[in-house]
Amino acid sequence: MTDRYCVFGNPIGHSKSPLIHAAFARQTGEDISYSAILAPLDGFAASVHAFVAAGGRGANVTVPFKEQAWQLVSRRTARAELAGAVNTLVFGNAEIVGDNTDGAGLLLDIALNLRCPLLARRILLLGAGGAARGVSGPLLEARPAALVIANRTAARAHALAGHFAPLGAVTGCSFSELAGQSFDIVINATSASLGDALPPLPPGLFAAGSLAYEMMYGREDTPFLAFARAQGAAQLADGLGMLVEQAAEAFHVWRGVRPDVAPVLAMLRNSGA
Ligand code: NDP
């Protein structure tokens with residue numbers, strides 16, 4: 001019998017997850033179906049329980065339900081605990097297990113697809129919201145020389161750095177305090193690009209050979225990527241690779257099989273994602 005999976009979000013019409021998981025299923029021969037479910041803003045838990053009752057085996061969770069999912073589950077993996085958010089649910093044995101594959105997705109994309117090492121590099125993470133929190137632990141576990149978290153509301157950057165301080169060399173600051181510093185990897189985890197805005201960044205952030213990584217994805221250069229290009233960043237990337245890698249990690253959690261990401265990423269790029 002076909003095993004059922006889905007992604008919960010609101011809105012959800014834009015989600016590429018059904019396309020990605022259908023491609024993984026074809027590639028690996030796993031007998032699964034994967035749909036997108038629009039959960040009401042005040043009805044996430046009810047939607048999850050209805051899907052479980054209908055025989056669902058697992059699910060992904062996207063905006064705005066990742067924190068609610070963290071609350072809902074009966075048990076969390078260590079990386080979900082650390083992230084404070086859950087993007088992957090596993091149903092079985094009368095329990096719901098919550099995992100978070102976003103951080104692993106970002107690291108796999110940077111290290112494998114973009115061939116950019118993280119060990120002993122200086123990393124700047126822009127933003128202190130859910131996405132920044134989700135990737136901070138895995139970034140520190142890659143043992144960079146330093147992780148600096150900069151945010152519009154500096155207090156949130158300080159709080160995040162304080163939370164992750166036991167894991168490695170991490171500090172928080174405002175954007176203006178970045179003046180005079182440079183980094184090997186600069187990751188934009190703000191939602192500024194959604195509004196076509198650029199955080200007020202000082203010049204000189206990009207060290208020779210640096211990678212500029214925009215977590216948002218799309219066909220156009222975002223203001224951050226245009227800024228990085230003009231400032232001499234050597235390599236530019238958007239977050240489509242992270243999206244596909246976090247999906248592959250979830251597929252592996254559910255099925256015990258790791259799909260090959262490269263052809264799926266290429267298919268999405270060719271289809272104009
Ligand atoms: P949140 O709403 O949790 O956080 C938003 C962050 O952006 C805050 O740090 C906020 O600062 C900052 N911000 C918002 N507007 C501006 C602005 N105009 N200038 C400077 N800073 C600003 O969002 P998320 O963390 O969930 O998402 C962030 C981004 O990451 C989104 O673009 C999302 O699409 C992307 N993402 C991509 C994924 C992928 O798989 N590729 C996965 C998850 C997220 P302040 O604290 O001051 O309000």
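Whatever order the structure lists them in is the order used to number ligands and atoms, beginning at 1.
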(request) Check the pair D102 / K66 against salt bridge (Lys or Arg N to Asp or Glu O under 4.0 Å), numbers first and verdict last. (result) CA-CA 11 Å; D102 278 337; K66 291 184 189 181; 2.8 Å; yes
(message) To check you understand the geometry: which heavy-atom pair defines the closest contact between Q27 and V264, and what is its length?
(response)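 Taking every non-hydrogen atom into account, NE2-CG2, 4.0 Å.
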(request) Search all heavy atoms of F175 against all heavy atoms of T190 and return the closest pair with its distance. (result)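 Result for this residue pair: CZ-CG2, 4.5 Å.
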Heavy-atom contact check, 4.0 Å cutoff: does [X] meet ligand 1?
X    : answer
Q246 : no
S193 : no
S191 : yes

List, one per line, each side-chain donor-acceptor pair under 3.5 Å for residues 38-45, sequence neighbours excluded.
none

What atoms in ligand 1 come closer than 4.0 Å to a heavy atom of [X]?
X    : value
A128 : 9 (O)
L243 : 40 (O)
G127 : 9 (O)
R156 : 8 (C), 45 (P), 46 (O), 48 (O)
G129 : 3 (O), 4 (O), 9 (O), 25 (O)

Please list the nearest protein heavy atom to [atom] with its residue and the distance rounded to 0.1 Å.
atom                    : result
atom 9 (O) of ligand 1  : N151 OD1, 2.7 Å
atom 16 (C) of ligand 1 : R152 NH1, 3.3 Å
atom 34 (O) of ligand 1 : M216 CG, 4.1 Å
atom 3 (O) of ligand 1  : G130 N, 2.9 Å
atom 19 (N) of ligand 1 : A192 CB, 3.8 Å
atom 25 (O) of ligand 1 : A131 N, 2.7 Å
atom 35 (C) of ligand 1 : M215 CB, 3.9 Å
atom 42 (C) of ligand 1 : M242 CE, 3.8 Å

(request) Quick one: look at T190 and ligand 1, take heavy-atom pairs under 4.0 Å, and tell me if it's side chain, backbone, both or neither. (result)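 It is both backbone and side chain that touch ligand 1.
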(message) For the CD atom on E95, are there more than 12 heavy atoms of other groups (residues, nucleotides or ligands in this structure) within a distance under 6.0 Å?
(response)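 Buried by this count: over 12 neighbours within 6.0 Å.
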(message) Checking contacts now, so for atom 28 (C) of ligand 1, which I'm interested in, is there any protein heavy atom under 4.0 Å?
(response)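 It does: a protein heavy atom is found less than 4.0 Å away from atom 28 (C) of ligand 1.
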(message) Can you confirm if the NZ or CZ of R76 lies within 45° of the ring axis of W70 and under 6.0 Å from the centre of its six-membered ring?
(response)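 The answer is yes; both the distance and angle limits are met.
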(request) Please step through ring-ring contact (aromatic ring centres under 6.0 Å, His included) for the pair F24 and F251, ending with a clear verdict. (result) CA-CA 8 Å; F24 288 165; F251 195 90; 5.6 Å; yes
(request) Could you note down all residue pairs passing salt bridge (charged side-chain N to carboxylate O under 4.0 Å, His left out) where residues 113-136 supplies at least one of them, sequence neighbours left out? (result)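 Non-adjacent pairs meeting salt bridge (charged side-chain N to carboxylate O under 4.0 Å, His left out): R121-D184.
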